[in-house]
Amino acid sequence: MILRMSTLFLRTLRDDPADAEVPSHRLLVRGGYVRRVAPGVFTWLPLGFLVYRNVEAIVRNEMDAAGFQEVHFPAMLPREPYEQTNRWTEYGDTLFRLKDRKGADYLLGPTHEEMFTLLVKGEYSSYKDLPLVIYQIQTKFRDEARPRAGILRGREFVMKDSYSFDVDDDGLARSYARHRDAYIATFERLGLDFVIVSAMSGAMGGSASEEFLAPTEVGEDSFVRCTSCDYAANVEAVVTTAPADAEVSGVPAAHVEQTPDTPTIETLVDLANGRDDLARADRPWTAADTLKNVLFMVTGTDGSRTPLAVGVPGDREVDLKRLEAVLQPGIATVFEEADFVAHPSLVKGYIGPGALGEASASGVRYLVDPRVVSGTRWITGANESGRHVFDLVAGRDFSADGVIDVAEVREGDACPACGGQLTLARGIEIGHIFQLGRKYAEALDLKVLDETGRLVTVTMGSYGIGVSRAVAAIAEQSHDERGLIWPREVSPADIHLIATGKSDEAFEAAEVIATQLDAVGVRVLFDDRRGVSPGVKFNDSELLGVPTIVVVGKRLAEGFIEIKDRRTGDREDVPVADVIEVIRAIVAA
RNA sequence: CGGGGCGUAGCGUAGUGGCUAGCGCGCCUGCUUUGGGAGCAGGAGAUCGGGAGUUCGAAUCUCCCCGCCCCGACCA
């Protein structure tokens with residue numbers, strides 16, 4: 001392959017586009033890899049499409065190597081299957097919907113669980129046919145409320161999604177493990193730095209699910225990693241270790257105090273420390289000694305609205321993402337004025353356990369942070385304006401309806417696996433593997449006969465890789481101030497060959513090199529543009545990011561060609577006679 | 001959906017009531033130049049997001065609409 005820049009459909013930009021913030025977006029646009037068509041919708045230009053196809057080929061190759069079989073569904077799908085699993089409704093505005101001329105509803109697939117399930121249902125009916133894994137590489141559509149960061153989060157994107165079908169849980173575990181291995185191999189080949197994080201809270205009893213995250217500052221997912229063991233989890237899935245029950249004896253009886261002008265935790269703590277009759281003998285009060293009770297209204301998928309109180313130590317906020325992860329598919333919103341009016345026993349700013357709980361007057365379900373174990377003593381609201389209760393002891397003076405682990409996760413929190421310290425980081429979700437279980441098989445009635453002749457519901461897994469997103473993730477992780485730096489296997493070419501100078505000699509010599517390299521299978525991006533100054537060519541080569549840059553120019557007269565490594569900047573002069581072999585060796589390495 | 005910002009040529013931008021809307025990049029023609037985004041000369045390219053209004057006069061002021069970007073909410 002020889003791509004000639006004299007005729008390539010490519011225009012690089014000298015300035016950053018004004019609407020691009022993150023590096024991958026900026027550089028992919030500047031380098032002429034992609035162009036925006038609509039919000040979250042992009043066109044791949046020739047160089048970009050080469051990169052995209054390389055990534056796609058690696059993904060497909062690893063899937064095939066794992067023994068999975070490729071199929072291809074339509075992107076446009078009928079409504080009925082999604083009606084049966086309730087996702088026509090559950091997906092809400094995120095679903096792109098359309099009608100045909102007869103008024104029948106269609107959708108642009110956001111993901112294809114239903115279609116795969118129905119396909120298998122139509123073909124298979126025996127346990128002997130399983131296990132089965134089929135996959136597709138398909139354009140997906142999600143009408144995101146806010147597409148952002150260019151290719152990283154579009155409304156149209158390409159995803160590899162596979163689905164496993166097994167008769168039992170052990171089979172599902174094996175299919176899951178095969179995917180995990182295949183994903184590791186895939187992302188390693190893509191040159192991505194990644195971590196595998198657990199994506200679902202074990203405490204909530206969900207099925208096994210892990211995310212593959214590519215760490216970068218611009219990532220949308222927050223995750224924690226342990227500094228002393230290999231624990232890693234999405235913040236939504238972090239499990240808080242509950243401390244041991246505390247000793248109650250010696251803690252004074254609970255007492256209500258006048259605490260005027262203490263609308264915030266901070267003012268409350270200051271007041272408590274400032275008053276001799278309230279101050280602690282051993283140490284000052286801190287925000288962590290207070291119990292903050294936050295009220296939410298939880299909207300179910302059926303539209304029902306149920307209040308929920310969450311008690312967390314006053315030094316932490318309730319993390320809404322963690323809350324939603326626990327509540328899903330319910331949606332939580334903080335209490336509004338109208339909600340307080342509807343619940344007169346709840347005094348805003350002074351809500352305490354006394355007014356909460358299913359057995360209380362308010363009847364509001366009350367769940368507390370795992371740190372609120374039996375014997376812990378708290379300062380908290382007394383359910384009257386201007387009053388707080390001190391030395392309220394969990395287990396002795398109040399009890400909650402249950403535990404909910406939704407407080408914000410912080411740097412330095414304890415690792416649930418080993419007790420070490422957690423660090424927080426951000427990453428791009430590039431893959432997700434998920435033991436779905438029987439949800440879809442049940443909804444769509446996918447059953448097979450087992451060896452005893454009984455009908456059993458098939459158990460499924462679903463596994464995704466963001467193919468187009470992976471292109472951006474690679475760009476995000478692999479660039480410098482001058483431009484992109486592609487890993488060789490995804491690069492649009494193996495070498496970027498530049499001819500410089502005014503004379504014909506350099507161009508003729510470069511032409512010969514290009515032809516010879518092409519003949520031995522080296523992919524060449526050849527800057528054969530006449531009348532373009534060397535500076536422009538060098539800058540373009542660095543922007544475009546082909547890993548090896550070969551320059552035919554100044555030292556050709558002495559019989560040398562320059563070979564430059566894009567990533568390190570190292571350059572060496574190689575005799576013309578050796579250049580093909582040296583490049584072949586670099587490309588093969 | 002809430003908050004903030006922005007919309008002027010392919011790209012980046014100047015222009016806050018006044019004359020023919022300015023500049024840089026890119027593009028076209030010619031000459032020169034050729035190891036780090038070259039020089040000179042000439043040129044093409046803009047319904048100033050759209051509509052309505054105020055005014056002798058609107059890119060500029062007012063109102064409505066549309067679109068985009070960022071933060072948040074949302075997002076198996």
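In this structure, the NZ atom of A:Lys439 is 7 Å from the C1' atom of B:rA76, given to the nearest Å. Atom CG in A:Leu544 sits roughly 19 Å away from atom P in B:rG36 (whole-Å rounding). One interatomic measurement links the two molecules: CD of A:Glu114 to P of B:rA76, which rounds to 13 Å at whole-angstrom precision. Between the CZ atom of A:Arg555 and the C1' atom of B:rG35 there is a distance of 13 Å, given to the nearest Å. What separates CZ of A:Phe538 from P of B:rA38 is a distance of 12 Å, to the nearest Å. Whole-Å rounding puts the A:Leu543 CG to B:rC11 P distance at 17 Å. Regarding A:Lys140, its NZ atom lies at a distance of 14 Å from the P atom of B:rA76, rounded to whole Å. For the pair A:Asp161 CG and B:rA76 P, the computed distance is 15 Å after rounding to whole Å.
Between A:Leu543 and A:Leu13, the shortest heavy-atom distance links the atoms CD1-O, 4.4 Å. The heavy-atom pair separating A:Ser491 from A:Val51 by the smallest distance is C-CG2, 4.5 Å.
Distance check on atom C1': B:rU29 versus B:rG37 gives 22 Å, rounded to whole Å. Only the P atoms considered, B:rU62 is 14 Å distant from B:rU16, to the nearest whole Å. Separating the P atom of B:rG50 from that of B:rA9 is a span of 10 Å, rounded to the nearest Å. Here, B:rC19 and B:rC61 have their P atoms 16 Å apart, quoted to the whole Å. Across the P atoms, B:rG49 and B:rU13 are found 15 Å apart, a figure rounded to whole Å. The P atoms of B:rG53 and B:rC11 are separated by 31 Å, rounded to the nearest whole Å. The same atom, C1', is picked in B:rG51 and in B:rC40; the two are 46 Å apart, to the nearest Å. Remark: the separation of the P atoms in B:rG10 and B:rG3 is 33 Å, to the nearest Å.
Geometrically, A:Arg142 does not engage A:Phe157 in a cation-pi contact, judged by NZ or CZ lying under 6.0 Å from the ring centre and within 45° of the ring axis. A cation-pi geometry, defined here as NZ or CZ lying under 6.0 Å from the six-membered ring centre and within 45° of its normal, holds between A:Arg555 and A:Phe560.
Using modelled atom types and a 3.5 Å distance limit, the side chains of A:His112 and A:Gln136 yield a donor-acceptor pair. When only modelled atom types and interatomic distance are considered, A:His479 and A:Glu476 share no side-chain donor-acceptor pair under 3.5 Å. If you check the side chains of A:Glu62 and A:Thr186, you find no donor sitting under 3.5 Å from an acceptor. Of the N and O atoms on the side chains of A:Asp161 and A:Tyr163, at least one donor lies less than 3.5 Å from an acceptor on the other residue. In the model, A:Tyr440 has no side-chain atom that pairs as donor or acceptor with a side-chain atom of A:Thr85 under 3.5 Å. Residues A:Ser478 and A:Arg567 bring a donor and an acceptor atom of their side chains to less than 3.5 Å of each other.
Of all nucleotides listed (B:rA76, B:rG36, B:rC69), B:rG36 comes nearest to the side chain of A:Arg482. Across B:rC69, B:rG35, B:rA73, the shortest atom-to-atom separation from the side chain of A:Arg36 is found for B:rC69. Checking B:rG35, B:rC27, B:rA76 against the side-chain heavy atoms of A:Lys554 singles out B:rG35 as nearest. Among B:rA76, B:rC71, B:rC69, the nucleotide with an atom closest to any side-chain atom of A:Arg87 is B:rA76. Comparing B:rG36, B:rA76, B:rG12 by their nearest atom to the side chain of A:Asp15 picks out B:rG12. Nearest nucleotide to the A:Pro17 side chain, out of B:rC74, B:rG12, B:rG36: B:rG12. Nearest to the side-chain atoms of A:Glu21 among the listed nucleotides B:rA76, B:rC70, B:rG37 stands B:rC70. Distances from the side chain of A:Arg148 to the nucleotides B:rG36, B:rU13, B:rC70 place B:rC70 closest. Here the nucleotide nearest the side chain of A:Leu13, chosen from B:rG35, B:rC68, B:rC11, is B:rC11.
Side-chain to base pairing of A:Arg30 with B:rG26: no donor and acceptor N or O lie closer than 3.5 Å to each other. Contact of A:Glu542 with B:rG36 (side chain to base): a donor-acceptor pair of N or O atoms is detected under 3.5 Å. With hydrogens and angles ignored, no donor-acceptor pair under 3.5 angstrom links the side chain of A:Arg11 to the base of B:rG37. Remark: the A:Lys564 side chain and the B:rG36 base include a donor-acceptor N/O pair separated by less than 3.5 Å. Side-chain to base pairing of A:Asp540 with B:rG37: one donor and one acceptor N or O lie within less than 3.5 Å of each other.
Annotation for A:Glu572: atom CD counts as buried by contact number, over 12 foreign heavy atoms lying within 6.0 Å.
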For RNA chain B, just give me the dot-bracket, please: Watson-Crick or G-U, both distances below 3.5 Å, ( ) intra-strand, [ ] crossing earlier pairs, | paired with another strand, . unpaired. ((((((((.[[[[.)..(...]]]].((((((.....)))))).....[[[[[..)....]]]]])))))))....
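Between A:Thr111 and A:Arg530, the residue anchored closer to the 5' end of RNA chain B is A:Arg530, taking for each the nucleotide with the nearest heavy atom. Across the interface with RNA chain B, nearest-nucleotide mapping of A:His25 and A:Asp16 shows A:Asp16 to be the residue nearer the 5′ end.
Considering A:Asp573, A:Thr548, A:Ile495 as possible partners of A:Ile563, the one that fulfils the side chain to side chain contact (heavy atoms under 4.5 Å, CB included) test is A:Thr548.
OP1 or OP2 of B:rG26 lies within a sub-4.0 Å distance of a side-chain N or O belonging to A:Arg14.
Note on A:Ala38: nothing from the nucleic acid sits closer than 4.0 angstrom, heavy atoms only. A:Thr94 comes within contact range of no nucleotide atom at all, as no heavy-atom separation falls under 4.0 Å. At a threshold of 4.0 angstrom between heavy atoms, the contacts of A:Glu220 with the nucleic acid are absent.
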Find every protein N or O atom lying less than 3.5 Å from an N or O atom of nucleotides 28-33 of chain B, and list the pairs.
residue: B:rU33; atom: OP2; partner: A:Lys502; partner atom: NZ; Å: 3.1

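Residues passing the ring-ring contact (aromatic ring centres under 6.0 Å, His included) test with A:His496, sequence neighbours excluded: none.
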